[in-house]
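Predicted model only: the values in this text are computed from it and were never measured. The first residue of the sequence shown is numbered 1, and numbering continues consecutively from there.
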Amino acid sequence: MRIVHVKNPANLAWRLAEGQRKLGHEAIVWSRGDRYGFPYDVLMPSGAKWNLWLLKKLPELSTFDILHVHGGAWRGDVAYKVISILLSKMPIFIHCNGSEARHGGGLHWMSISDGTFYTDPDIARFMPEGSVWVPQPIDTSLICNASSTENERPVFVHVPSAPELKGTNAIKNMFQQTFPNGEAELRIVSGVTHKAALNAMREADIVFDQISPMGIYGFTSVEAMALGKPVLATLDRNLYPADCPVIYPCATKLMELAYDVTGRRHYGSLGRAYVERVHSSTVVARKVLDAYEAVL
């Protein structure tokens, strides 16, 4: 099967394409690029030129079996509507990550889709009926083998890409109230490269993902679990599999994780197994390919 992914928010398209390639399919990513330097196969222009550029690609698009659109389909993305008319036999799948569905802006052209995906599970209620949950994929072999860390003074690491959205101030307050005498250390690492963030998490005993009203965990949690680290996030249990090992943060849990090395190893082992089962790029790719096949 030949698949073209358009846009690459949060590098999800690239990781999904990697999983599809491993399963023997041809998958490429066309991206506008971003400030994080996520990879792509073809760089698209941004701004007003983007629609025209995509329409000029119609002859090449017609050679693909699937068009997989990421980041929703906004009112200004008129090229998708034209493609749905001129290449009516090629299935179009529209994939939402999070905010584009929560705010509604990225749901404009949903009627042209042959199937829809969503990644943050809290947005399921905004998506068309029959939409498929696509967990954030990860190639665990690119991270490292899971291993526990035992710092003399327990180290919690928080690596927010957007501190105002990840509840960084609330995390600081909870940590200071729980360990007023410096019994444990909180390292906040923000505004760094992805490699630096991973290295910070490798040195952690525990990773603190986020405090957020959305009730979800982010890709930080996925990477941390792949590293065999216990993870803290304000999780809505109704949104995830019953055996999801992400821990809801409170003073009791923070102290338990800080002082119980055996418990940390236990949670780390559960997290690694969960990621392999739910987030492995090939597992996620199979789920997406099944949705394609159902339409084809």
* Should F175 and Y259 be counted in the same cluster of Ile, Leu, Val, Met, Phe, Trp and Tyr side chains packed under 4.5 Å apart? -> yes
* To do: Start with the C-alpha distance between K229 and D205, add both sets of side-chain angles, then the distance that settles salt bridge (charged side-chain N to carboxylate O under 4.0 Å, His left out), and finish with yes or no.
  => CA-CA 7 Å; K229 308 294 181 179; D205 296 287; over 6 Å; no
* To do: List the steps and the verdict of side chain to side chain contact (heavy atoms under 4.5 Å, CB included) for V132 and T116.
  => CA-CA 6 Å; V132 176; T116 48; over 6 Å; no
* Between R153 and V155, is a side chain to side chain contact (heavy atoms under 4.5 Å, CB included) present by the stated rule, with each step listed? -> CA-CA 6 Å; R153 184 168 68 136; V155 174; 5.8 Å; no
* Indicate yes or no: does R187 engage E203 in a salt bridge with an N to O separation below 4.0 Å. => yes
* Asked: Taking the six-membered ring where the residue is Trp, are the ring centres of W30 and W53 under 6.0 Å apart?
  -> yes
* Has the side chain of N11 got a donor or acceptor atom that lies under 3.5 Å from a matching backbone atom of F38? -> no
* Short question: side chain of Q176, backbone of M174 - any donor-acceptor pair under 3.5 Å? -> no
* Do the charged groups of R277 and D243 touch, with an N to O distance under 4.0 Å? -> yes
* Structure fact -> Between Y80 and L54, the two heavy atoms sitting closest are CE2-CD2, 3.8 Å
* Do R264 side-chain atoms and L257 backbone N/O form a donor-acceptor pair below 3.5 Å? -> yes
* Minimum heavy-atom separation for Q136 to F219, with atom names? -> NE2-N, 3.5 Å
* Would you please indicate yes or no on a ring centroid separation below 6.0 angstrom for F117 and H68? => yes
* To do: For H95 and T119, run side-chain hydrogen bond (donor to acceptor under 3.5 Å, both in side chains): C-alpha distance rounded to whole Å, both residues' side-chain angles, the deciding distance at 0.1 Å, then the answer.
  => CA-CA 8 Å; H95 193 150; T119 292; 2.8 Å; yes
* Could you check E150 against R265 for salt bridge (charged side-chain N to carboxylate O under 4.0 Å, His left out), going step by step and ending with a plain yes or no? => CA-CA 10 Å; E150 298 178 13; R265 290 174 181 168; 2.3 Å; yes
* Flag yes if W14 and L198 sit in one hydrophobic cluster, no otherwise; membership is Ile, Leu, Val, Met, Phe, Trp, Tyr, and two members link when side-chain heavy atoms are under 4.5 Å apart. => no
* **Chi angles and distances behind the side-chain hydrogen bond (donor to acceptor under 3.5 Å, both in side chains) call for T140, E276** => CA-CA 8 Å; T140 53; E276 292 281 7; 3.3 Å; yes
* Around Y40, counting heavy atoms of other residues, nucleotides and ligands shown, do more than 12 lie under 6.0 Å from its OH? -> no
* Asked: Do F126 and Y118 have their ring centres less than 6.0 Å from each other?
  -> no
* To do: State plainly whether the residues D65 and K89 are in salt-bridge range, i.e. N to O under 4.0 Å.
  => no
* Asked: Are V222 and Y217 close enough, and set up right, to give a side chain to side chain contact (heavy atoms under 4.5 Å, CB included), and what steps lead you there?
  -> CA-CA 8 Å; V222 179; Y217 60 76; 3.8 Å; yes
* To do: May I ask you to decide if L227's main-chain N or O and R272's side chain share a donor-acceptor pair within less than 3.5 Å?
  => no
* Could you state whether F64 and I66 fall into the same hydrophobic cluster, counting links through intermediate Ile, Leu, Val, Met, Phe, Trp or Tyr residues with side-chain heavy atoms under 4.5 angstrom apart? => no
* To do: Salt-bridge test for D41 and R21: reply yes if a basic N is under 4.0 Å from a carboxylate O, no otherwise.
  => yes
* **Salt-bridge contact K253-E256 (side-chain N to carboxylate O under 4.0 Å)** => yes
* Contacts of A285 that satisfy side-chain contact (heavy atoms from CB on, under 4.5 Å) - sequence neighbours left out -> L16, Q20, L23
* Structure fact -> Closest non-hydrogen atoms of N8 and P39, given as atom of the first, atom of the second and distance, are ND2-O, 3.1 Å
* Heavy atoms only: give me the nearest D209-H158 pair and the separation to one decimal. => O-CE1, 3.0 Å
* Asked: Between W109 and R75, is there a cation-pi geometry (under 6.0 Å to ring centre, at most 45° from the normal)?
  -> no
* Taking it one step at a time, do Y240 and V278 satisfy side chain to side chain contact (heavy atoms under 4.5 Å, CB included)? -> CA-CA 10 Å; Y240 291 98; V278 175; over 6 Å; no
* **Shortest non-hydrogen contact between A17 and H5, atoms and distance** => CB-CD2, 3.9 Å
* Decide whether H279 and Y274 meet the rule of one side-chain donor and one side-chain acceptor closer than 3.5 Å. => no
* To do: Taking all heavy atoms of N151 and all of A204, pick out the closest pair and write down the distance.
  => ND2-C, 4.4 Å
* Counting heavy atoms not belonging to K57, are there more than 12 under 6.0 Å from its NZ? -> yes
